[in-house]
There are 2 protein chains.
Amino acid sequence: MLIGPLPPKRSRRSSGAVTLHDVARLAGVAPITASRALNTPEQVSEAVLQKVKDAVASTGYVPNRLAGGLASTRSRLVAAVVPTISGAVFLETVQSLTETFAQAGYQVMLGQAGYDGLREDALLKAIVGRRPDGVVLTGIVHSVEGRKLLTASGIPVVETWDLTPTPIDMLVGFSHVEVGRAVAAFLHARGRRRFGVVAGNDPRAKLRYESFHSAAIAFGLPAPKVVVVPAPTTLKYGRDSLSRLMECNGANNAIDAIFCSSDSLALGVMTEARVQGVRIPEDVAVVGFGDLDFAAYMQPALTTVQINGGAIGRQAAQFILDRADGREIVQRVIDIGFKIVDRQST
Amino acid sequence: MLIGPLPPKRSRRSSGAVTLHDVARLAGVAPITASRALNTPEQVSEAVLQKVKDAVASTGYVPNRLAGGLASTRSRLVAAVVPTISGAVFLETVQSLTETFAQAGYQVMLGQAGYDGLREDALLKAIVGRRPDGVVLTGIVHSVEGRKLLTASGIPVVETWDLTPTPIDMLVGFSHVEVGRAVAAFLHARGRRRFGVVAGNDPRAKLRYESFHSAAIAFGLPAPKVVVVPAPTTLKYGRDSLSRLMECNGANNAIDAIFCSSDSLALGVMTEARVQGVRIPEDVAVVGFGDLDFAAYMQPALTTVQINGGAIGRQAAQFILDRADGREIVQRVIDIGFKIVDRQST
DNA sequence: GCTTGATTTGGTAGCGCTACCATTGCAATC
DNA sequence: GATTGCAATGGTAGCGCTACCAAATCAAGC
């Protein structure tokens, strides 16, 4: 049986959206030329550029970055992993990360690993599946599996908020050990002699109070009393913890300084102190960590360890952008440092 | 000149990563069968499933979701837009959004529109370019341009944290007008008669204090004094604002109740009150907004408007997942409501 | 005129995956 | 045995874009 030529067999799979081909046809140029007009306009004549721009405007064309990413193996997608977003400490980092990347035309995917690390491997696998141009690990302990996955993927990785001896790839952070030591020295210099600690149960907080602990011993002081609370740290835990620290206080060995692993905990400690009639700083000095927006304006204003979370985010983003643009990275590990801000609570 | 057949012309474009084809070859099946084994295992025999699983394990294959998304026009990517992530109010929503989506195999892209809405259009364009399966707008004023772009893209949109009369698509929020009214009624019932307001300059806060204002008038009370501060609202602004409210207090028309547009502001107001010897709640009642984690544990504990931010996020995610799975959505607008939590500050 | 080199444009062939349709094998039914 | 129906597998053809190479165009130089 003879049948006529097959009908054009219009594909039903198309998403229906305007494509680069539509724009090109409208502008009277080849698709690849339209692509260049949008991505590398300097390679294209004025006339063509204008025609393509007009076509884009009149069709409302929005490039499909999924297709572009697949073709160019550059997704312009970046993943940021935090333990949990409601932890407040990493907010500034996430914010500056998102902003810096947005300006460079990158999009940030947010991943929450959870404090227990159970979801971590699944999360990393999901992330790698998106073929991001970079991964920023914000305060995360990574399993051996996870490290392997990231290394094998070849994706640039920036670890932050810590100074590990063996970074996966790049790193921008500070030494928690130094922080603990510095706070102990600071309190010792202020004449404080009996230290207490209120800390969340995360590994970096542990680094801080352990070095705080050994520094105290090194000064010839009694071993600090440590109260560990579950993460995320909140005002409530701060209040509870002060009570626990006070309970075991004899008359002549009262704690006279408390190092908190977050400003929120410090806020709680100071709240409870007021309720119990403990004077700050007269009876007890309080040091926080993070220098969140409220620290400077509390009453009394909180002495705390200031970390430039915004700078961490910007530097992490810069690392990845440099790598993406093929720039050599000479310094793969950056110590961003910290500062003890001396205010009224000490 | 006669030359032999061209060499295989090995493409140099491949990313080098393991592909589904590699897995299929190793498992001794066709690529499409391997695809089914991974995506719809019930369509495949036990034997094949096992072979493919083994091949995946031995190669460390991670599916390329960019390619999958392009082919299936389902990116399993979702965008969440907030004014700024460091605003704290939306954190719980972002958290539950990310978690709910992660469980369903979706990834969340984070976008910060800024409070001024300048970057909004550029941000939305960048988002649409990723062809996400949904967009969650968290407390955002959207321009006409932006609305058009979203509507034209056909992407499911959920607006949250507000109850606009004309939603773009779907909505889960609550009535800020009702909140203002309810707080006024609450304070009035407590015998308070001279109201003050401390509010961030965002449009939703404005809705709240304007209806608070008119409710006060309706009760026959004097017009509340309003202090507006820039967003994001912090403790500092709360302290400043209390001073401003007190300044204009005569002896016999002292403000006896303050409605703050965030718990952070309330914390500031209460801090300054303590400094100035203003007793809470005896002299002045304070009501916050948000019921952040610290509100219940402040001293005195803060009476505040509780919004279930987590529920908003989960419901927004559910909307988009339902849409993605082709389920009918009968109720496209959901009022999640709010609750005044009566504590010690009133 | 012809070469040379730079600039601008176009064609082809994928990127890695899945939608769609076709085929195979095999038990159940008439 | 032929037919039907279903489950399991495979082949083909894109999804919308860009890398790579080839060709065309043009000004400059001899």
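Reminder, nothing fancy here: chain letters follow the sequence lines and each chain counts from 1.
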Which nucleotide, [options], lies nearest any side-chain atom of [X]?
X: A:Ser45; options: C:dC17, D:dT9, C:dT8; result: C:dT8
X: A:Thr19; options: C:dC17, D:dT18, D:dC17; result: D:dC17
X: B:Leu20; options: D:dT18, D:dC15, C:dT18; result: C:dT18
X: A:Ala67; options: D:dG16, C:dG10, D:dC15; result: D:dG16
X: B:Pro63; options: D:dT18, C:dC20, C:dC17; result: C:dC17
X: A:Ala71; options: D:dG16, C:dT9, C:dG10; result: D:dG16
X: A:Leu70; options: D:dC20, D:dT18, D:dG16; result: D:dG16
X: B:Asn64; options: C:dC17, C:dG10, D:dC17; result: C:dC17
X: A:Ile32; options: C:dT18, D:dG16, D:dC20; result: D:dC20
X: B:Arg36; options: C:dC20, D:dA8, C:dG10; result: C:dC20

Listed once per pair and sorted, the side-chain hydrogen bond (donor to acceptor under 3.5 Å, both in side chains) pairs that draw on residues 312-323 of chain B, sequence neighbours left out: B:Asp169-B:Arg323, B:Gln318-B:Asp322, B:Asp322-B:Arg327
Could you list the donor-acceptor pairs under 3.5 angstrom formed by side chains in residues 41-50 of chain B, with sequence neighbours left out?
from: B:Ser45; atom 1: OG; to: B:Val48; atom 2: N; distance (Å): 3.4
from: B:Gln50; atom 1: NE2; to: B:Asp54; atom 2: OD1; distance (Å): 3.1

Integer-rounded Å distance: D:dC15 C1' and B:Asp133 CG: 14 Å
Protein-nucleotide distance (A:Arg131, atom CZ; C:dC17, atom C1'), rounded to Å: 11 Å
Parallel, tilted or perpendicular: rings of B:Phe90 and B:Trp161 (30°, 60°): perpendicular
Bend angle of the helix from C:dG1-D:dC30 to C:dC30-D:dG1, end axes from five pairs each (to 10°):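 Taking five pairs per end, the axes differ by 50°.
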